[in-house]
Chemist: 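Sharing a structure here in structure tokens format.
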There are 2 protein chains.
Amino acid sequence: MKVAEPTIERLVQYYRLLSQLKEEGRRVVSSQEIGEMLGLKASQVRKDLSYFGEIGKRGVGYHVDRLHQHVSQILSHPNVWKIGLVGVGRLGEALLGHKSLRSEKFGIEAAFDVDPEKVGKTIEGVPCYHVDEMPEVLKEKNIEIIILTVPAGAAQHAADKAVASGVVKGILSFATAPIAVPPGVLVYNVDIAAELEKLLFYLKSPAKEH
Amino acid sequence: MKVAEPTIERLVQYYRLLSQLKEEGRRVVSSQEIGEMLGLKASQVRKDLSYFGEIGKRGVGYHVDRLHQHVSQILSHPNVWKIGLVGVGRLGEALLGHKSLRSEKFGIEAAFDVDPEKVGKTIEGVPCYHVDEMPEVLKEKNIEIIILTVPAGAAQHAADKAVASGVVKGILSFATAPIAVPPGVLVYNVDIAAELEKLLFYLKSPAKEH
DNA sequence: GTTTGTGAAGGGCTTCACAGCT
DNA sequence: AGCTGTGAAGCCCTTCACAAAC
């Protein structure tokens with residue numbers, strides 16, 4: 001089954017909204033209502049949800065509990081992902097303690113840095129190792145995901161070292177530098193500075209509403 | 001002139017790369033080379049750069065200095081943007097000290113929180129005010145951009161308060177909740193948890209290389 | 001010969017519009 | 001009558017391919 005990336009992004013939003021509606025005791029919701037709450041067209045919502053089978057009831061809408069479980073199923077994975085975080089600077093430390101990076105579905109199991117002040121300590125409940133120990137620790141703990149929060153200049157080197165372990169399948173990078181990886185490894189970039197620059201550009205030249 | 005959002009995002013990358021090439025003393029670069037360094041097709045690079053006039057030399061390539069200045073011009077703005085950061089938690093504090101959010105083109109001028117421990121202090125060189133003081137401080141300092149790093153539950157309220165000042169034009173939100181703003185205010189979202197979920201989804205069901 | 005600039009083609013995501021259930 | 005599911009249309013961005021410039 002082929003699913004577009006924007007659809008997956010919205011599914012995460014649907015999931016959050018449905019969790020909330022469920023808590024509020026809401027039983028049924030329409031694509032129209034979901035759209036209004038998330039700023040999307042109703043047709044977009046229906047198309048997204050229809051990719052994974054007919055789940056709504058025509059003339060009625062979507063049953064909140066049922067849809068919640070359905071979306072959860074789509075986003076679920078068989079095993080619990082183990083994550084390693086490389087670069088325990090301010091941003092890295094912030095992410096180590098970030099609530100949305102803790103769940104029953106994944107968790108940060110190890111941190112890595114070069115600072116002797118940090119190596120050997122436990123930060124936000126996560127043990128910190130030296131970057132040189134990465135290959136062994138990643139293999140030992142079977143860590144398949146890496147969060148990269150190192151300075152741009154160190155990003156490629158850190159990525160290489162992580163990938164060399166042979167167990168890393170995906171990297172979420174916050175570095176403002178493009179990183180190259182061998183085929184089979186998936187990289188997503190979160191470029192905070194670029195997001196800000198985009199915002200500033202469209203504020204300068206008023207064009208469209210995002 | 002109509003410019004696509006993905007183009008602006010890439011322009012930021014071109015700018016960074018050109019700054020680096022300039023420092024290395026490089027004089028000329030081709031679209032092919034830029035593409036290889038950033039992981040883009042050469043035709044994409046040329047199309048992006050051509051939106052803003054003919055800047056390359058056929059048969060030669062792009063003059064690094066000239067192109068650097070040209071891209072800088074495109075991304076530039078007449079005034080220096082002043083930014084306010086709302087929510088001095090771990091993530092907020094990390095962003096206050098983040099190098100890529102400091103430049104001659106913009107800067108964080110004020111932080112806001114409700115924690116009495118933080119209000120009145122100067123954090124990473126930025127004075128911290130109480131959230132209740134936002135309207136006056138924003139107006140006084142003429143702060144037009146807001147970075148939102150508050151918990152999801154507080155995001156809409158904080159956004160409302162900031163927008164109520166009347167001077168805020170753009171919001172960069174890190175909250176995992178959609179925020180509604182009146183027309184004329186531009187919102188960009190950085191959803192870290194959603195990026196991670198996307199990565200995990202495509203790792204589960206091996207599909208395309210990003 | 002080399003590399004840019006660009007119209008045209010291609011591909012992918014969104015929106016429309018309506019058939020199909022309830 | 002109300003709302004979903006979906007083929008078709010529309011729109012936007014990327015890629016191609018080649019003429020034009022050096």
Side-chain angles (χ1 to χ4, degrees), chain A residues 1-14 18 21 26-68 70-71 74 194 198 201-202 207-210, chain B residues 1-14 18 21 26-68 70-71 74 194 198 201-202 207-210:
Chain A
M1 190 195 314
K2 203 184 69 63
V3 194
E5 187 176 321
T7 296
I8 303 302
E9 187 147 0
R10 285 188 298 269
L11 280 173
V12 175
Q13 296 182 57
Y14 300 148
L18 288 163
L21 291 177
R26 183 84 181 258
R27 306 293 295 273
V28 163
V29 67
S30 70
S31 60
Q32 177 77 43
E33 291 168 310
I34 293 175
E36 273 164 19
M37 289 186 274
L38 296 177
L40 304 168
K41 285 259 191 325
S43 56
Q44 179 77 83
V45 175
R46 291 200 301 277
K47 177 78 72 185
D48 286 341
L49 296 177
S50 74
Y51 284 131
F52 303 92
E54 300 200 9
I55 193 72
K57 289 226 185 313
R58 299 179 189 216
V60 180
Y62 299 89
H63 189 275
V64 172
D65 266 24
R66 192 161 133 71
L67 184 55
H68 179 263
H70 192 242
V71 175
I74 296 163
K198 276 194 289 184
F201 180 86
Y202 286 110
K208 57 160 188 181
E209 297 297 295
H210 175 48
Chain B
M1 191 195 313
K2 204 184 68 64
V3 194
E5 189 175 319
T7 296
I8 302 302
E9 187 147 0
R10 286 188 297 268
L11 280 173
V12 176
Q13 297 182 55
Y14 300 148
L18 289 162
L21 292 177
R26 183 83 180 258
R27 306 292 295 274
V28 164
V29 67
S30 70
S31 60
Q32 177 78 44
E33 292 169 311
I34 294 176
E36 274 163 17
M37 289 187 273
L38 295 177
L40 304 167
K41 285 259 191 321
S43 56
Q44 178 77 82
V45 175
R46 291 201 301 277
K47 180 71 90 186
D48 285 340
L49 297 176
S50 73
Y51 284 130
F52 302 92
E54 301 199 8
I55 193 72
K57 288 228 185 311
R58 299 177 189 218
V60 180
Y62 298 90
H63 189 274
V64 172
D65 265 24
R66 192 161 133 70
L67 184 56
H68 179 264
H70 192 243
V71 175
I74 296 163
K198 276 195 290 184
F201 180 86
Y202 285 111
K208 57 160 190 182
E209 297 297 293
H210 175 49

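Reminder, nothing fancy here: chain letters follow the sequence lines and each chain counts from 1.
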Chemist: How close do B:Leu18 and B:Val64 get, counting heavy atoms only, and between which atoms?
Modeler: O-CG1, 4.0 Å

Chemist: Nearest 0.5 Å, please: how far is CD1 in A:Ile34 from CD in A:Gln13?
Modeler: 11.5 Å

Chemist: By side-chain hydrogen bond (donor to acceptor under 3.5 Å, both in side chains), which residues pair with B:His68, not counting sequence neighbours?
Modeler: B:Ser19

Chemist: Residues in side-chain hydrogen bond (donor to acceptor under 3.5 Å, both in side chains) with B:Arg58, at least two apart?
Modeler: none

Chemist: Roughly, in whole Å, what's the span from CG in A:Leu49 to P in D:dT6?
Modeler: 12 Å

Chemist: Run the salt bridge (Lys or Arg N to Asp or Glu O under 4.0 Å) test against A:Glu36 and tell me which residues pass, sequence neighbours left out.
Modeler: none

Chemist: Note the angle between the end axes of the helix from C:dG1-D:dC22 to C:dT22-D:dA1, five pairs defining each, rounded to 10 degrees.
Modeler: 0°

Chemist: The criterion is salt bridge (Lys or Arg N to Asp or Glu O under 4.0 Å); which residues satisfy it with A:Arg66, sequence neighbours excluded?
Modeler: none

Chemist: Under 4.0 Å from OP1 or OP2 of C:dG5: is there any side-chain N or O of B:Tyr62 that close?
Modeler: yes

Chemist: Atom OH of A:Tyr51 and atom C1' of C:dT15: how far apart are they, to the nearest Å?
Modeler: 12 Å

Chemist: Can you sort out the partners of B:Val60 under side chain to side chain contact (heavy atoms under 4.5 Å, CB included), two or more places apart, ordered by chain and number?
Modeler: B:Val28, B:Lys57

Chemist: Could you tell me how far apart A:Arg27 (CZ) and D:dC3 (P) are, to the nearest whole angstrom?
Modeler: 18 Å

Chemist: Expected output is a numbered-order residue list: members of residues 36-48 of chain B with a heavy atom under 4.0 Å from any atom of DNA chain C. What is it?
Modeler: B:Arg46, B:Lys47

Chemist: Pairs of donor and acceptor atoms involving the side chains of residues 38-47 of chain B, under 3.5 Å and at least two apart or interchain, shall be tabulated with distances.
Modeler:
{"unit_1": "B:Gln44", "atom_1": "NE2", "unit_2": "B:Asp48", "atom_2": "OD1", "d": "3.4"}
{"unit_1": "B:Arg46", "atom_1": "NH1", "unit_2": "B:Ser31", "atom_2": "OG", "d": "3.3"}

Chemist: Judged by atom type as modelled, is there a donor-acceptor pair below 3.5 Å linking the side chain of A:His70 to the main-chain atoms of A:Gly53?
Modeler: no

Chemist: In whole angstrom, give the distance that lies between atom CZ of B:Arg10 and atom C1' of D:dT14.
Modeler: 8 Å

Chemist: To the nearest Å, how far apart are B:Gln32 CD and D:dA17 P?
Modeler: 15 Å

Chemist: Between N or O atoms, less than 3.5 Å apart, protein on one side and nucleotides 20-22 of chain D on the other: list the pairs.
Modeler:
{"unit_1": "D:dA20", "atom_1": "N3", "unit_2": "B:Arg58", "atom_2": "NH1", "d": "3.0"}
{"unit_1": "D:dC22", "atom_1": "O4'", "unit_2": "B:Arg58", "atom_2": "O", "d": "3.3"}

Chemist: Between B:Val3 and A:Phe201, which heavy-atom pair has the shortest distance, and what is it?
Modeler: CG2-CZ, 4.4 Å

Chemist: Need one value for B:Ile55: base, sugar-phosphate or nothing, where a base atom within 4.0 Å counts as base even if backbone is also close, heavy atoms only.
Modeler: sugar-phosphate

Chemist: Could you give the CZ-to-C1' distance, from A:Phe52 to D:dG5, as a whole number of Å?
Modeler: 15 Å

Chemist: Which atoms form the tightest heavy-atom contact between A:Thr7 and A:Tyr51, and what is the distance?
Modeler: OG1-CE1, 3.8 Å

Chemist: Does a nitrogen or oxygen in the side chain of A:Ser31 sit under 4.0 Å from OP1 or OP2 of D:dT4?
Modeler: yes

